[in-house]
Amino acid sequence: MKRPKYMFWLILFSIFFILIFSACDSNTSNINGDEPIASQTITYGGSSWIGHLPAYIAVEKGFFEEQGVDVEFMNFSTSSERMTALASGEIDFASTGAISAISLMAAGDDNFSIFGAPDTYIGQEGIVAKGMTSIEDLRGKKVAVTFASSSHIMLLDIFNQHGLVLNKDVEIINMAGGDIVSSFTTGEIDAGAIWSPHFENLTHVDGAVVLAMDTDTSIYKNYGFGSGPDVLVIRNEFIKDNPNTTEKLVKGYFHSAHWIEENPKEAAELFVTLTNLDIDEQEQIINHVNWLDLEQQKDMLSENGELTGTLEFLASFMTENHLINNSVDVKEWINIDILP
Amino acid sequence: MAAIIEVRNVSKSFETKKGEVKALENINLTVEKGELLCIVGASGSGKTTLFNLIAGFEQPTSGEILLNNEVVTGIHSNATMVFQQYALFPWKTVLENIEFGLKMKKISKKKRREIADEYIKLVSLEGFENSYPKELSGGMKQRVSIARALASDSDILLMDEPFGALDAMTRQIMQEQLVKIHEQSKKTIVFITHSIDEALLLSSRLIIFTSRPGRVKSELINHLPKPRTADVQISKEYLELKSMTWETVQQEVLNQIES
Amino acid sequence: MTSFHNSPTLANQKNTNNFPKRNQKSPPKRKKKKFTLSLKIVSILSFLSFLAIWEIITQMGFIPPLFLPAPSQVVVRGYQMLIDGELIGHIFSSSRRVIVGFLISALAAVPFGILLGSSKTLKAIFDPIISIIRPLPSMAWIPLSLLWLGIGEEQKYAIVFMGSFAPALLYTIDATRSVNPILIKAARNFGASNLTVMREVILPGSMPSIFAGLKVVLGLAWTTVISAELVAANEGLGFLIMNGKEYFMTDVIILGMAMISLTVIIIDIVLNWVEKKIIPWREET
Ligand SMILES: Nc1ncnc2c1ncn2[C@@H]1O[C@H](COP(=O)(O)OP(=O)(O)OP(=O)(O)O)[C@@H](O)[C@H]1O
Ligand SMILES: [Mg+2]
């Protein structure tokens, strides 16, 4: 009587095994298998954020097409979602927040490279409070910030500078931008750290005082970058399989960045379809940004370049503050060889 | 003797998805005080329905029912029902179930316990006082249900196949007990059964229902001598009565199956 | 069991001693226990082999840990977070939110549900409101709860409450209505008033179904914990998962998920025990 029962389980487990294996087979081929050939559509991960302007313009004005590559612009609402798509091979290259890129490095993903930064834009980003005049006044108060954002880094950096200890001297609360504005208005929180356009909304609240700005961070003081700079990332597999296409892609991209410097008005006209901003306002923002060209990239990402320094600083800062669990050597992800 | 239950021209129909079901048609019936009336009829002939009307759970479609000369208009506690499905409270122990009727009569805790103990002994459930119904067999549940009805001591008992789930021995003993209680207490008992033998053993009068819709097919005064011992049960008189009843019932059962 | 031999007779009252006593372990019962025990072993084995297969597959290196870390990695992460005290904080925060939110909704829904279950008129009055609230996902209450209650714990309780109140109410209404009508008739037949019927029949009679319903609702309450911790939370298993997503810490994400399951399993065991204590008469179905 015992035997058939045993056989039953054996068979059941074998089936289970086979199922799992076949499932995992299809998985792995998805992740590591052969990737698109040059004739296929290349996908860029973007959003309506200003840092994506060069890629957007390159698609719209046909700068990629001129190079003979077909690029699709795909929207993502957060950097982490965009980087998840990059890690799973759904997109090929992107501009993304450095914090998210470093987090992905810390998670052990070495299948992508950083090859540049679209700009050195310092957004309107800062800490706004009510009824106080200095950062020290935040002692014992509630400050809201979006966790894992550039403002989060900015807040930690500035607290470090003033010797404030998190969750001991100051209570910090994780909230999305819109929620920070409404809670600040109702007095639910004492201060908020946030970027444009929520930042402006915060400053418009009665009695609001700006306690610190992005430019007060040690990152900015040392490297001239904001606490959450955008970086250009690309999948290594893609570079390996399509070296020629990669070169054309990079050329098309930086041609677009150069074109924007000279034609801000036309760039604004195109970009407002994505941002829904007023054309003049959009043009102003575009002019305010310092677009980086191909030559500047090589400098900034060199051994002692500002961007390299910024990223290294950020990585060790994030490790020290226990935002990530592993230390990361950012240089291993920097690849300027693909820049023509 | 005084009429304690009067059923006057009562008909009852149910609205169902398949249309109207006529359960009872023009029933006329008088139960005298102290009678032990047995009702025999095929399954589905409306016996339980008649009890539900007498207890006031449902209202007749036409006609009326009087209890002690008062028209029944709703649920009342003048006639205690022994349900075909026992209807024990699963959350009450055997003891608490049996005490329920007494509790409703606001009898003191101590007195309740005494009376309940008496009836537990009567139905031979000593040792199960604190068991829950789920721990009892079907026959044991049925005995609890009988004890609960007897303990509440109302003048009228409506017993719907109360011995159906009992084994032959227990059944016989319970029948003897019932006859004894009836003789001593002068209660009025209406008793539904499928067993002609049981009806002949217990009843002072016997009513046979037609198959659906239920009507009173025939009525029979049971003059068999008491106590109805084994000797009585093999007497010529008994056997004649039995075969007569059986023929009538058989006809109705056949009607029922054919329809 | 209902054999002739076991039935007591008046003729021989001593026979009653032959009945199996309640506390005595009768042979069939023990057999059943043995069987359920072996089923439990099967469950445990199946779970262990699931973990083993998962471990083997991930160790073979086809799947990067970013997509699926090995269970051992999750355990190590769990152990680290346990030692630095962080994990307990997350479990405690979420459990408190779920339990408080759930208790409030149970305390409100059970009496209200019994009322609605026993009165057709009341039910008709409140039906439209219930139908409106019922399909709303707990996430939909985030903006309003923030406006009305701010960002404190009350807001989190409210999210759990809104996610569990309607189902708790519906389960209670159903439970109340499912009380066998013949029992109500029996009670009335003995002269019970409406109030007595409520106390003696409807309340105890609906208890098993209410309890079963509340167990399901407590599980549902846990599903709202992510919504509850989406805004202005720095702690909790929902926060742990969502924050893990921002930093691509897949092991932390799986740890958070496993902790939710584990907590629910433990609470379920406790509830089953409580159920046996307070409803000893429950008929197994
Ligand atoms: N509430 C109800 N709704 C619809 N039909 C009903 C209802 N109660 C009884 N009936 C129908 O009325 C008829 C008589 O039912 P009743 O239960 O009175 O029969 P009975 O004589 O007690 O049968 P049995 O001997 O099997 O108990 C049946 O056909 C039954 O289907
Ligand atoms: Mg019946």
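First the proteins, then the strands, lettered A, B, ... as listed; each starts at 1. Given the structure is predicted, the values throughout are model-derived calculations rather than measurements.
Distance check, rounded to the nearest 0.5 Å: CG of A:Asn174 to CG of C:Asn243 gives 6.5 Å. Interatomic distance, OG of A:Ser80 versus CZ of C:Phe248, reported as 5.5 Å (0.5 Å rounding). Between the CD atom in C:Glu246 and the OG1 atom in A:Thr146 there is a gap of 9.5 Å [rounded to 0.5 Å].
The backbone N or O of A:Ile172 lies less than 3.5 Å from a partner atom in the side chain of C:Asn234, making a donor-acceptor pair.
Neither the backbone nor the side chain of A:Ser149 comes within contact range of chain C, judged by heavy atoms closer than 4.5 Å. Neither the backbone nor the side chain of A:His322 comes within less than 4.5 Å of any heavy atom in chain C. In this structure, the portion of C:Ala233 lying under 4.5 Å from any heavy atom of chain A is its backbone and not its side chain. Using a 4.5 Å cut-off between heavy atoms, A:Leu323 touches chain C through backbone and side chain atoms alike. For A:Ser182, no part sits under 4.5 Å from any heavy atom of chain C, backbone or side chain. When heavy atoms are compared at a cutoff of 4.5 Å, A:Met318 approaches chain C solely by way of its side chain, counted from C-beta outward.
Counting non-hydrogen atoms of neighbouring residues, nucleotides and ligands closer than 6.0 angstrom, the CE atom of A:Met132 exceeds 12 such neighbours. By the neighbour-count criterion of 12 heavy atoms within 6.0 Å, atom CZ of A:Arg139 is densely surrounded, having more than that number from other residues, nucleotides or ligands. The 12-atom threshold is exceeded at CE of C:Met81, counting heavy atoms of other residues, nucleotides or ligands nearer than 6.0 Å.
Minimum interatomic distance between C:Arg77 and A:Asn325 (heavy atoms only, all atoms of both residues): NH1-ND2, 2.8 Å. Closest approach of C:Leu66 to A:Ala87, counting heavy atoms only: CD2-CB, 3.5 Å.
Residues of residues 102-110 of chain A placed with any heavy atom under 4.5 Å of a heavy atom in chain C are listed by number as A:Ser103, A:Leu104, A:Ala107, A:Asp109.
A side-chain contact (heavy atoms from CB on, under 4.5 Å) with A:Asp179 is found for exactly one of C:Val231, C:Ile151, C:Leu230, namely C:Val231.
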